[in-house]
There are 2 protein chains.
Amino acid sequence: MKNILATEELNTEELILRAAKKIFTHKGFEGARMKDIADEAGINKALLHYYFRSKDKLFESIFDGVLKSFLPQAILILSSELPLFQKIDRISEYYIQSLSKQPDIPIFVLHELSVNPYRLIENIKEHGMDLHLFSQQLQSEIDEGKIRPIKTAHFITNLFALCVFPFIGRPLIMGMMNLNDTEFNSYVLERRQIVTETMIRSLKV
Amino acid sequence: MKNILATEELNTEELILRAAKKIFTHKGFEGARMKDIADEAGINKALLHYYFRSKDKLFESIFDGVLKSFLPQAILILSSELPLFQKIDRISEYYIQSLSKQPDIPIFVLHELSVNPYRLIENIKEHGMDLHLFSQQLQSEIDEGKIRPIKTAHFITNLFALCVFPFIGRPLIMGMMNLNDTEFNSYVLERRQIVTETMIRSLKV
DNA sequence: ATTTGATTTAACCAAACAGTCAAATATACA
DNA sequence: TGTATATTTGACTGTTTGGTTAAATCAAAT
């Protein structure tokens, strides 16, 4: 009988998903080997196909899971009742903190979306990524003269670019700036304030 | 005899390089098939191995070429004698214009660097990516009270994030903002001004 | 015309790969 | 305990892939 009392004990499916996430996010779909995932999970290769019939099926579980754990939070914060500047702070806080723990996610998602853009469509429709409410708030603040005029697309781009780019460009930044891992971590910790400051200053009238 | 008079006639090596660049940048190293590259170039698969002994060799030609055609320009502009704000404008102009013509480059480079970070090291050392001069200029402007204090790493990150992210996040942006190809192109054209404005406003005292 | 060297091809090969299957083992329940 | 069901494995398969090779073709010099 398995030791179901030990809290750190994971069942096989969770073991596979955890291993698959690590390998897929690190190597991408094409670069990942089913053997690598099996080894990482400490199980037999055939067992992967017992739980997830194919590499594609396993990948979609991971990819969908990752999208669902990152995108909806943005919509949630942006569509909330919070003041604009607080939203900026919340987004930057949430994404920089989450991505610090899983720094491979952005490049993984964006690479797979680049190779296979249709993947996103279903997911977006499914979650009803609606930015209308936020667009209205932004326009109100502009109309009231509280911030400078800016289109929603550019606002969103600026905010996410500033939050996410450090993780996407990590090897580039570490190389150009001559940072080691410790120094890079300090740099990332500073980003949260930099992002909100940069965004808010650029919006002030 | 080949028609060497026709200017549009490319020799086989150039044909291969052009095809390989298209396939590699679109699919990544692992996703690219030598057969695909051969087909794209309109030649036989064995001919690839005649000109470039292996997939790795061919890939390195492409990857090095891409790095050399993008990174040095940044160092050149940043290390020049131009005023700070003009440098921002030049960088944003150059990168947004170049990447509009080759939008797959950023995600390609950053994905490959993520899977294989050591690739960059040689290239950076080789080109002497030195940002010391620029750091001094930035510090001078800060000391003279002309701009708000900011570390070089964050300045560079912000500038490149704002320039490059639209291309990295293209499918995401098109999906969330409901843009078609034409609308995305207009959006990219607007980016140049947005980037310089955002950067400069965030730096003003 | 013949030789020489560079270019191109079709056919082939070994390794790596995702995926399969029958047999073995563990688990639950009667 | 015995039996049915769920889980796990080692050995296997067919296909795809990067890479090779020997022969054919072409271009130019002798």
Side-chain angles (χ1 to χ4, degrees), chain A residues 1-64 108 111-112 115-116 119, chain B residues 1-64 108 111-112 115-116 119:
Chain A
M1 184 176 111
K2 276 193 179 170
N3 178 12
I4 52 171
L5 294 175
T7 51
E8 71 274 22
E9 182 87 9
L10 295 169
N11 65 33
T12 307
E13 191 172 336
E14 282 164 343
L15 262 175
I16 292 175
L17 284 171
R18 178 175 295 203
K21 184 172 180 181
K22 179 171 174 184
I23 301 294
F24 275 134
T25 53
H26 200 73
K27 309 244 196 178
F29 177 81
E30 295 279 358
R33 301 283 161 254
M34 292 299 266
K35 178 68 163 41
D36 297 339
I37 297 173
D39 289 352
E40 176 73 29
I43 56 157
N44 190 284
K45 189 168 68 85
L47 200 52
L48 289 180
H49 290 92
Y50 176 75
Y51 281 90
F52 301 87
R53 256 180 296 176
S54 66
K55 188 183 179 182
D56 290 79
K57 290 259 191 299
L58 178 55
F59 177 82
E60 272 177 34
S61 301
I62 302 297
F63 195 74
D64 281 14
F108 164 66
H111 168 76
E112 299 300 339
V115 171
N116 233 333
R119 278 189 197 282
Chain B
M1 185 178 110
K2 280 191 178 171
N3 179 11
I4 51 170
L5 294 175
T7 49
E8 69 274 23
E9 182 86 11
L10 294 170
N11 64 34
T12 307
E13 191 172 335
E14 282 165 343
L15 262 174
I16 292 175
L17 285 171
R18 178 174 295 202
K21 185 173 178 180
K22 181 172 173 185
I23 302 295
F24 275 135
T25 53
H26 201 72
K27 309 245 197 178
F29 176 81
E30 294 281 356
R33 300 282 159 256
M34 293 298 267
K35 179 67 163 44
D36 296 340
I37 297 173
D39 288 352
E40 176 73 29
I43 56 157
N44 189 283
K45 188 168 67 86
L47 200 53
L48 287 180
H49 293 278
Y50 176 75
Y51 279 91
F52 301 87
R53 257 181 295 178
S54 66
K55 188 183 181 183
D56 290 80
K57 290 260 192 299
L58 178 55
F59 178 82
E60 272 177 33
S61 302
I62 302 296
F63 195 74
D64 280 13
F108 164 66
H111 168 76
E112 298 301 339
V115 171
N116 233 332
R119 278 189 197 282

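Residue numbers begin at 1 in each chain, while the letters A, B, ... track the order of the sequences. Since this is a predicted model, take the numbers as computed values, not measurements.
- In this structure, B/Glu30 places its CD atom 14 Å from C1' of D/dT16, rounding to the nearest Å.
- As rounded to whole Å, 16 Å separates atom P of D/dG18 from atom CD of B/Glu60.
- Salt-bridge annotation for A/Glu40 and A/Lys22: present, with a side-chain N of the basic residue lying under 4.0 Å from a carboxylate O of the acidic one.
- A donor-acceptor pair under 3.5 Å is formed between the side chain of A/Glu112 and the backbone N or O of A/Phe29.
- Listed for the A/Lys55 side chain is a donor-acceptor partner under 3.5 Å among the backbone atoms of A/Ala32.
- If you measure from atom CG of A/Leu48 to atom P of D/dT7, you get 15 Å, rounded to the nearest angstrom.
- C/dT8 atom C1' lies 15 Å from atom CG of B/Asn11, rounded to whole Å.
- B/Phe59 and B/Phe52 have their aromatic ring centers separated by at least 6.0 angstrom.
- Comparing D/dT8, D/dG18, C/dT8 by their nearest atom to the side chain of B/Lys55 picks out D/dG18.
- Taking the six-membered ring for Trp, A/Phe108 and A/Phe63 have ring centres closer than 6.0 Å.
- Of the candidate nucleotides D/dT21, D/dT9, C/dA6, D/dT21 has the atom lying nearest to any side-chain atom of B/Ala46.
- Close to D/dT7, at under 4.0 Å from its OP1 or OP2, lies no side-chain N or O of A/Thr12.
- The distance between atom CG of A/Asn44 and atom P of C/dA24, rounded to the nearest whole Å, is 16 Å.
- Look at CD1 on B/Ile23: it is 13 Å from P on D/dT17, rounded to the nearest Å.
- Between A/Tyr51 and the phosphate of D/dT8, there is a side-chain N or O to OP1/OP2 separation shorter than 4.0 Å.
- A/Ala38 comes within contact range of no nucleotide atom at all, as no heavy-atom separation falls under 4.0 Å.
- Under 4.0 angstrom from either OP1 or OP2 of D/dT7 there lies at least one side-chain N or O belonging to A/Tyr50.
- As rounded to whole Å, 19 Å separates atom P of C/dT25 from atom CD1 of A/Ile43.
- For A/Arg33, whose side chain is taken as the heavy atoms from C-beta onward, the closest listed nucleotide among C/dG19, D/dT9, C/dC17 is C/dC17.
- Of the listed nucleotides (D/dG19, D/dT21, D/dT8), D/dG19 has the atom at the smallest distance from the side chain of B/His49.
- Taking every side-chain heavy atom of A/Asp56 into account, C/dG19 is the closest of D/dG18, C/dG19, C/dA6.
- Taking every side-chain heavy atom of A/Leu47 into account, D/dT8 is the closest of C/dG19, D/dG18, D/dT8.
- A/Lys45 contributes a side-chain N or O that forms a donor-acceptor pair with the base of C/dG19 under 3.5 Å.
- The distance from atom CZ of A/Phe52 to atom P of C/dA18 is 16 Å, rounded to the nearest whole Å.
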